[in-house]
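In the text below, chain A, chain B and the rest are named by the order of the sequence lines, each starting its count at 1. All values below were derived from every heavy atom in this structure, side-chain atoms included, with hydrogens, water molecules and symmetry-related copies excluded.
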Amino acid sequence: MSKVRVRFAPSPTGYLHIGGARTALFNFLFARRHQGTFVLRIEDTDTVRSTQESVDEILKAMRWLGLSWDEGPFYQSGRFPLYKEKVQQLLRQGKAYRCYCTPEELEQKREQAMAEGRKPKYDGTCRNLKESREEKPYVVRFRSPESGVTTFEDLIKGAISFHNDELDDIIIQRTDGTPTYNFVVVVDDVEMGITHVIRGDDHVNNTPRQIHMYEALGAALPAFAHVPMILGADKTRLSKRHGATSVMAYEEMGYLPEALVNYLVRLGWSHGDQEIFSLEELIEKFSLENVGRSAGVFNPEKLLWLNSHYIKNGDSRRLGGLLQRHLERMGLAVPRPEVLPDVVVLFRERDKTLEEMAKNAAFLFRDKPELDEAAAEKFLVAANRGLLEAIILHLERCDPFTHDALEDCIGRVMAETGLKMGKVAQPVRVAVTGGTVSPSVFAILPILGREETLKRLRAALAMIK
RNA sequence: GUCCCUAUCGUCUAGCCCGGCCUAGGACACCGGCCUUUCACGCCGGCGACGGGGGUUCAAAUCCCCCUGGGGACGCCA
């Protein structure tokens with residue numbers, strides 16, 4: 001079998017969304033699995049809507065996910081002469097023809113057909129025009145067979161057939177001379193030697209026409225694999241209404257790329273009962289045969305669970321670096337980044353995103369804690385004054401200021417006062433963190449340091465008085 | 001409307017191709033318990049599905065047909 005060549009071909013009219021990312025991921029995995037080549041191609045034939053910013057955004061998202069490509073990015077906008085030449089070739093061979101119908105006429109015909117319950121396809125008005133009217137604006141249409149059946153074997157869905165009379169003559173070149181998607185995709189896939197076309201389900205209907213174009217161009221057919229769509233909770237196509245759909249929005253919300261990759265690949269693909277996969281493992285195990293055939297619903301809770309899994313198990317130094325970025329985005333300075341890995345270790349069991357971790361660990365990086373009113377009213381009360389004084393006294397002398405030493409010191413406070421752990425820990429927690437929820441106080445205090453800890457405890461005491 | 005695709009717990013899925021091992025397995029979520037300095041985490045347990053109807057067969061989640069549901073396409077977008 002010839003060497004595998006696949007491509008991801010986004011259109012740069014926005015950011016990389018979840019669905020596109022999964023298509024890219026499947027292509028990437030398939031290429032790596034077969035030691036093939038992954039080509040990146042920018043489909044920007046719509047010069048009006050395509051932007052460089054979108055290209056940059058898409059590349060950034062792919063890099064973040066770790067989906068590296070081997071060739072490209074190739075821009076279709078830079079290949080117009082090639083397409084023009086191919087259009088001329090089809091025109092000469094009579095496999096395409098000029099159409100002088102105006103957009104308005106076509107729109108009208110479409111509406112009428114719909115109203116009459118017919119399929120709104122091009123009626124072929126200009127298909128057999130004898131004279132050429134060069135002076136009038138025209139588009140070029142591909143001449144589609146009028147009868148017969150076109151069948152292809154989809155690697156995911158199996159055999160798919162279309163009656164050719166359902167197909168109409170689609171436009172391959174616009175009035176302004178630019179080519180359209182269905183044509184360039186074929187020209188480029190042929191030119192770039194693409195062996196497997198792995199793309200979204202929504203392209204199934206385009207496939208028979210594209211097959212005709214391969215034939216018209218005298219090219220061999222690639223294999224096709226159509227991956228099912230991703231839907232929202234209401235089973236409609238995933239959109240902003242269902243929450244974030246941009247890949248980079250997940251980065252901002254504190255998700256790890258490996259979590260998103262793991263989630264996306266399991267949405268529609270499986271390997272027995274296994275849920276957790278590293279990228280290396282995916283490359284080893286991925287196969288199109290195990291991709292499901294029906295659309296899947298995007299489930300944010302499961303993504304969150306995977307993210308928490310990778311936060312729990314990831315390298316604390318790397319996570320610390322990522323956490324720093326989130327803290328800084330919140331406007332907090334991190335004067336001692338070397339404590340960050342320890343912070344990660346403290347919070348990784350409780351926070352499901354880095355964003356959440358940054359929020360919950362923020363008290364460590366503020367000048368003073370943001371006091372939760374209800375918590376203060378409950379624990380920073382006159383009745384606890386003596387307790388706080390005793391704690392301060394013991395902590396002043398607690399040496400070293402470490403987890404175990406602190407445990408001993410607080411233990412002495414408990415012995416003196418006869419109070420249980422719960423009674424002693426909560427006032428300290430509130431004084432130091434500002435709230436009632438945090439990791440173990442014995443773990444927090446060493447990170448904060450003796451000086452800062454005492455400062456906060458004294459401030460709390462002062463408040464009570 | 002027409003065409004194409006699709007159908008196992010609320011969701012992602014295993015099983016289906018090669019019918020019996022399925023009183024249908026796993027995961028997320030949810031509920032309960034345990035653990036516990038708070039909140040989590042973790043552990044244990046529970047709830048929960050073969051869309052409906054016909055066939056074929058000794059036997060069907062697994063094969064065939066119809067219906068229904070869902071999705072997609074029908075653009076001088078990709």
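- Put simply, Ser438(A) has no side-chain N or O that comes within less than 4.0 Å of OP1 or OP2 on U38(B).
- Heavy atoms of Phe298(A) sit nowhere under 4.0 angstrom from any nucleic acid atom.
- If you check U11(B) for Watson-Crick or wobble pairing at under 3.5 angstrom, you find it paired to A27(B).
- Between Phe298(A) and Tyr263(A), the ring centre distance stays below 6.0 Å.
- For Glu416(A), the CD atom counts as densely surrounded, since its 6.0 Å shell holds more than 12 non-hydrogen atoms of other residues, nucleotides or ligands.
- Rounded to whole Å, atom C1' of C12(B) lies 13 Å from atom CD1 of Ile276(A).
- Of all nucleotides listed (U37(B), A78(B), C3(B)), U37(B) comes nearest to the side chain of Val441(A).
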What one-letter contact string describes nucleotides 61-75 of chain B from 5' to 3', where B marks a base within less than 4.0 Å of any protein heavy atom, S marks contact via sugar-phosphate atoms alone, and - marks no contact?
---------SSBSBS

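- If you check G69(B) for Watson-Crick or wobble pairing at under 3.5 angstrom, you find it paired to U6(B).
- With C4(B), A78(B), C12(B) as the choices, the nucleotide that has an atom nearest any side-chain atom of His163(A) turns out to be C4(B).
- Of the candidate nucleotides C76(B), G26(B), C5(B), C76(B) has the atom nearest to the side chain of Pro103(A).
- Under a cut-off of 6.0 angstrom, the local environment of CZ in Arg143(A) is crowded, with over 12 non-hydrogen atoms contributed by other residues, nucleotides or ligands.
- Using a 4.0 Å heavy-atom distance criterion, Arg293(A) is classed as a sugar-phosphate-only contact.
- Contact check, Arg174(A) against A78(B): a side-chain N or O comes under 4.0 Å of OP1 or OP2.
- Taking the six-membered ring where the residue is Trp, the centroids of Phe38(A) and Phe30(A) are separated by 6.0 Å or more.
- The partner of C18(B) is absent, by the rule that a Watson-Crick or G-U pair needs both atom distances under 3.5 Å.
- Using a 4.0 Å heavy-atom distance criterion, Asn299(A) is classed as a base contact.
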Treat primed atoms plus P, OP1 and OP2 as sugar-phosphate and everything else as base, then score nucleotides 41-53 of chain B 5' to 3': B for base contact with protein heavy atoms under 4.0 Å, S for sugar-phosphate contact only, - for none.
SS-----------

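- The residue Gly268(A) sits close only to the backbone: its heavy atoms come under 4.0 Å of sugar-phosphate atoms, none of a base.
- No N or O donor and acceptor, one from the side chain of Arg266(A) and one from the base of U13(B), sit under 3.5 Å apart.
- Judged by Watson-Crick or G-U wobble contacts below 3.5 Å, the nucleotide C74(B) has G1(B) as its partner.
- Residue-level contact check: Pro439(A) touches the bases, meaning some heavy atom is under 4.0 Å from a base atom.
- Across all strands shown, U62(B) remains unpaired; no Watson-Crick or G-U wobble contact has both distances below 3.5 Å.
- Searching all strands for a Watson-Crick or G-U wobble partner of U57(B) with both distances below 3.5 Å returns nothing.
- In the interface, the side chain of Glu275(A) is paired with the base of G26(B) through a donor and an acceptor atom under 3.5 Å apart.
- Within the nucleic acid shown, Ser308(A) has no heavy atom closer than 4.0 Å to any nucleic acid atom.
- A donor and an acceptor atom never sit less than 3.5 Å apart when one is taken from the side chain of Thr180(A) and the other from the base of C76(B).
- For the pair Asp44(A) and Thr436(A), both in contact range of RNA chain B, the more 5′-proximal nearest nucleotide belongs to Thr436(A).
- Within 4.0 Å of Ser270(A), counting heavy atoms only, lie sugar-phosphate atoms of the nucleic acid but no base atom.
- Residue contacts for Asp154(A): at a heavy-atom cut-off of 4.0 Å it reaches no nucleic acid atom on any strand shown.
- Counting only distance, with no hydrogens or angles, the side chain of Arg141(A) and the backbone of Ile170(A) share no donor-acceptor pair below 3.5 Å.
- The 5' end of RNA chain B is approached more closely, in terms of each residue's nearest nucleotide, by Ser294(A) than by the other of Thr102(A) and Ser294(A).
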